[in-house]
Amino acid sequence: MKARFLISALILLATLLIDQVTKSWGTSLPTLHYNQGVIMGLYAQLPDTIRIVALGSFSGLIFFIYVLMMYLIPSRGSWLKYGLSFVMGGMFGNVIDKIALGRTIDFIPFNVGSLHTVFNVADVFLWIGMAIVFYMLIRHDHLIWHPDSSRRSYLILPKEQFKVALNFTLIVFCSSLILGIFTYTFFKVTLPHVSDEGSHVMLTFFITYSVLTLFFCILAFVTGVVLSHRSAGPLYAFQRYVDDLINGEDRKLSLRDGDNYRDLEVVADKLRDHLKK
């Protein structure tokens, strides 16, 4: 599992590095084009401050989901992890441009019939990653969504798991609150002191911030439940195993794919052998 995480991280870093190097080279080409929009040229008319904050928030959310998927996808879905790493590398390659320069550097022309557009290497990595993801979801969905060794329920010890999930949510909420106060103060200082524009932007910020905070808290709670089940499951299974041994049932302890505390299987075997003797 650690090797697959390392490969995924290397793919992500390599795509970012290759993209930025090729963009430095592409600035000297006659096909150079600057994309001012957020996605596919959209929202180019928005102020730079709002676009950068929106992109940063959205990118943080996507990266959070990416890390969670890297943890949850079973080991047999390695290529799905690699495909998602290509997607993230391509996406963040363009996000870096948006945040640092306020625009994306495109330099590869594409002309087919009436279609005339310009893209970059980050877009290529993004398409490659999407192709891998779609292929894995269509051809190998049984390895991803229904692995034989996965539990059908994430609530093994509800009381303990909800406690972990609430603590996780509280940390996310406090972090979001601190960042929200900082961003609000930053806007108040840097925005032009025009009543209509300033009020409209601050109202938009408050609504967007509230929605993002609520979404992050819900996601954090669900994530806490999902992650804690990989610890609660082995403990619950070991407890049942010990009860079965006491009641005279002779069996082996087999944990699920992705469980924590895999050394409990070794402890269970030692306990079983000791009771037999």
Side-chain angles (χ1 to χ4, degrees), residues 1-21 56-96 99 121-152 154 156 161 164-165 167-169 171-172 175 215-216 218-235 237 254-266:
M1 180 175 292
K2 291 182 179 180
R4 296 182 181 90
F5 272 112
L6 179 60
I7 294 174
S8 299
L10 289 176
I11 291 175
L12 177 59
L13 294 175
T15 54
L16 288 174
L17 179 61
I18 295 173
D19 173 63
Q20 294 301 308
V21 171
S57 302
F58 180 73
S59 300
L61 173 62
I62 295 298
F63 187 74
F64 182 87
I65 296 175
Y66 165 76
V67 174
L68 180 61
M69 292 298 292
M70 291 296 103
Y71 183 79
L72 294 181
I73 293 174
S75 56
R76 288 176 288 182
S78 300
W79 275 99
L80 180 59
K81 296 181 180 182
Y82 304 156
L84 289 174
S85 297
F86 275 114
V87 172
M88 289 301 300
M91 183 182 300
F92 276 101
N94 287 330
V95 168
I96 290 174
I99 295 177
V121 175
D123 297 327
V124 176
F125 286 134
L126 184 62
W127 298 335
I128 292 174
M130 292 299 295
I132 295 175
V133 170
F134 281 127
Y135 176 80
M136 290 296 298
L137 292 179
I138 294 174
R139 295 296 301 273
H140 301 284
D141 61 308
H142 61 286
L143 297 178
I144 300 167
W145 305 118
H146 307 287
D148 296 334
S149 61
S150 294
R151 295 186 178 88
R152 298 297 180 260
Y154 282 101
I156 309 299
Q161 289 182 255
V164 173
N167 291 335
F168 201 61
T169 304
I171 293 173
V172 171
S175 301
F215 183 80
F216 263 114
I218 295 175
L219 185 61
F221 184 85
V222 174
T223 301
V225 172
V226 172
L227 296 183
S228 62
H229 113 281
R230 295 196 171 187
S231 296
L235 297 178
S254 298
L255 299 180
R256 306 286 183 169
D257 184 26
D259 276 349
N260 299 328
Y261 309 127
R262 295 305 295 263
D263 55 335
L264 284 177
E265 292 179 332
V266 179

What's the separation between atom [atom1] in [X] and atom [atom2] in [Y], rounded to the nearest 0.5 Å?
{"X": "Leu227", "Y": "Phe168", "atom1": "CG", "atom2": "CZ", "answer": "6.0 Å"}
{"X": "Leu10", "Y": "Leu17", "atom1": "CG", "atom2": "CG", "answer": "11.5 Å"}
{"X": "Trp79", "Y": "Ile7", "atom1": "CH2", "atom2": "CD1", "answer": "9.0 Å"}
{"X": "Phe92", "Y": "Leu16", "atom1": "CZ", "atom2": "CG", "answer": "8.5 Å"}
{"X": "Asp263", "Y": "Glu265", "atom1": "CG", "atom2": "CD", "answer": "9.0 Å"}
{"X": "Gln20", "Y": "Ile96", "atom1": "CD", "atom2": "CD1", "answer": "5.0 Å"}

Between [X] and [Y], which heavy-atom pair has the shortest distance, and what is it?
{"X": "Ala220", "Y": "Val172", "answer": "CB-CG2, 3.5 Å"}
{"X": "Pro234", "Y": "Ser231", "answer": "CD-O, 3.3 Å"}
{"X": "Met91", "Y": "Leu126", "answer": "N-CD1, 4.4 Å"}
{"X": "Gln161", "Y": "Ser228", "answer": "CG-OG, 3.2 Å"}
{"X": "Leu12", "Y": "Ser85", "answer": "CD1-O, 3.8 Å"}
{"X": "Ser8", "Y": "Lys81", "answer": "OG-CB, 3.7 Å"}

Got more than 12 heavy atoms from elsewhere within 6.0 Å of CZ, Phe63?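 No, because the 6.0 Å sphere around CZ of Phe63 holds 12 heavy atoms or fewer from other groups.
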Worksheet entry | All side chain to side chain contact (heavy atoms under 4.5 Å, CB included) counterparts of Phe215, not counting sequence neighbours |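 Expected list: Leu61, Leu219.
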Inset, instruction - Decide yes or no for Asp19 and Thr15: does some side-chain heavy atom of the first lie under 4.5 Å from some side-chain heavy atom of the second? - result: no
Q: Start with the C-alpha gap between Ile132 and Leu80, add the side-chain angles, then the distance that decides, and say whether side chain to side chain contact (heavy atoms under 4.5 Å, CB included) holds.
A: CA-CA 7 Å; Ile132 295 175; Leu80 180 59; over 6 Å; no
